[in-house]
**Q** 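Here it is, the structure, as structure tokens.
Just so it is clear, the model here is predicted, and its values are computed rather than measured. So that the names make sense, note that chain A is the first sequence line, chain B the second, and so on, each numbered from 1. Just so you know, these numbers use all the heavy atoms, side chains as well, and skip hydrogens, waters and symmetry mates.
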There are 2 protein chains.
Amino acid sequence: MRIALLGGTGDIGEGLALRWAYHTDHDVVVGSRDPDKARAKADEYETELSSRGRDVKVNGFANEMAADRASIVVLAVPPYHVADTVEAVSDSLAEGDVLVTPAAGIKRDDDGFHYHPPGAGSVTQLVADAAPEGVAVVGAFHNLAAGRLADLDAELGIDTLVVGDDFDSKDMVMRLAEEIPELRALDVGGIANAAEVESLTPLLINVARNNDGMHDLGVQFR
Amino acid sequence: MRIALLGGTGDIGEGLALRWAYHTDHDVVVGSRDPDKARAKADEYETELSSRGRDVKVNGFANEMAADRASIVVLAVPPYHVADTVEAVSDSLAEGDVLVTPAAGIKRDDDGFHYHPPGAGSVTQLVADAAPEGVAVVGAFHNLAAGRLADLDAELGIDTLVVGDDFDSKDMVMRLAEEIPELRALDVGGIANAAEVESLTPLLINVARNNDGMHDLGVQFR
């Protein structure tokens, strides 16, 4: 399976690219608005993987081309670029492709970080509203510890929460998630349940900010 | 220290009453709108504790009297009774008492459970708005697995998230929480951060409903 990570040059995109390229045989493609940046990052990932004895090809392209080549397209871009990015790649998506959205709307004030959903009710719903006909949308990978995910030596032991209205595409994304060792995928139902999932992202930041020694946090349901 | 559990006859109130009475030397008082119900439940808890070799007195009173006798007053009532209950016990609270609120506003629809805060922005803020002058409000114990908490044989291994604007009272509640073995208290800052904490409650229910074998869930930040 070919997975495109749009905005795959940083944060959660980097972690997912490295983990899938390292632990699975899926073909990982890095996308960026700037194709040179995408290629440079893809080269970096190849070097990192090669240093660990894993010689795989990671390609970097402009977002549109990355989306065109993949059947799973992860929108690993900041929340305020999600709508633009879906629009930009819309013509590159084919029926049956799956759009995966890990973003959460967050605002910051003097007290801390707060959930600040778009008018659609959640970022996942915003993507669902913008997605072309025949392309299923799945919310996943919101609440991962990005730095830990990108460090292949770091242990995970955390959960990712998955929402989607199309059973088969949700199931596929859950299986892709669980191909990453020590990452458990939990089903949280339909996209109507996305807001509570996305709300966990600012909460994780607030917990990290207020407790010594806690950073780059994830959660485990137990 | 004397702790009153208003609505201590069921759910989270039962678990906190049993755990504090079993594991600590704090004096636990059960409150209910119906004093007979409070006394009957208090007797039940005494019997349960006695069967485990712990002979302690647990008293049951009407909420007003329970609040009058305690310096820590936990509002373990359903969210729609929180405002009424604060009003009912208001004259029973003295300066320096601490009101603890574990409730989260939740609504249910066909898709699942959703966070439905009161107009104040969160239940914790609603309590803070209603609390008498000089009584600090702390949000805590929202996201515990009530059934597991009430089963003294069950392992916890979960976190409780604590918010409050008064440092000393928040610190005191965090210490009370951590006197329960295998329960870790995490500071989430001020009451302005309560909504994201309360949002975790409907999320826990949605996770439990959609995944086989998961029930009575808590979370661990890691």
**Q** Below 4.5 Å, heavy-atom pairs only: which of Leu217(A), Val219(A), Asn210(A) has the largest tally toward chain B?
**A** Asn210(A)
**Q** Distance check, rounded to the nearest 0.5 Å: Asn193(A) atom CG versus Asn206(B) atom CG?
**A** 4.0 Å
**Q** Apply the test side chain to side chain contact (heavy atoms under 4.5 Å, CB included) to residues Glu196(A) and Thr201(B): give CA-CA distance (whole Å), side-chain angles for both, the deciding distance (0.1 Å), then the verdict.
**A** CA-CA 9 Å; Glu196(A) 287 77 21; Thr201(B) 304; over 6 Å; no
**Q** Taking all atoms of both residues into account, what is the closest heavy-atom pair of Val207(B) and Leu186(A), and its distance?
**A** CG1-CD1, 3.8 Å
**Q** Counting heavy-atom pairs under 4.5 Å to chain A, which of Ala145(B), Gly157(B), Pro202(B) comes out on top?
**A** Gly157(B)
**Q** Is Ala192(B) in contact with chain A via its backbone, its side chain, both, or neither, using a 4.5 Å heavy-atom distance?
**A** both
**Q** List the steps, then state whether side chain to side chain contact (heavy atoms under 4.5 Å, CB included) holds for Ile158(A) with Arg222(B).
**A** CA-CA 7 Å; Ile158(A) 54 178; Arg222(B) 45 191 289 160; 4.0 Å; yes
**Q** Does any backbone or side-chain atom of Leu200(B) lie under 4.5 Å from a heavy atom of chain A? Answer side chain, backbone, both or neither.
**A** side chain
**Q** So Leu203(A) and Phe221(B), do their side chains get closer than 4.5 Å, heavy atoms only?
**A** yes
**Q** Highest number of heavy-atom pairs under 4.5 Å with chain B: which of Asn211(A), Val188(A), Val197(A)?
**A** Asn211(A)
**Q** For Leu161(A), is it the side chain, the backbone, both or neither that has a heavy atom under 4.5 Å from a heavy atom of chain B?
**A** side chain
**Q** Working to the nearest 0.5 angstrom, can you tell me the gap between Asp187(B) CG and Met214(A) CE?
**A** 11.5 Å
**Q** Where does Arg209(A) contact chain B at under 4.5 Å (heavy atoms): side chain, backbone, both or neither?
**A** neither
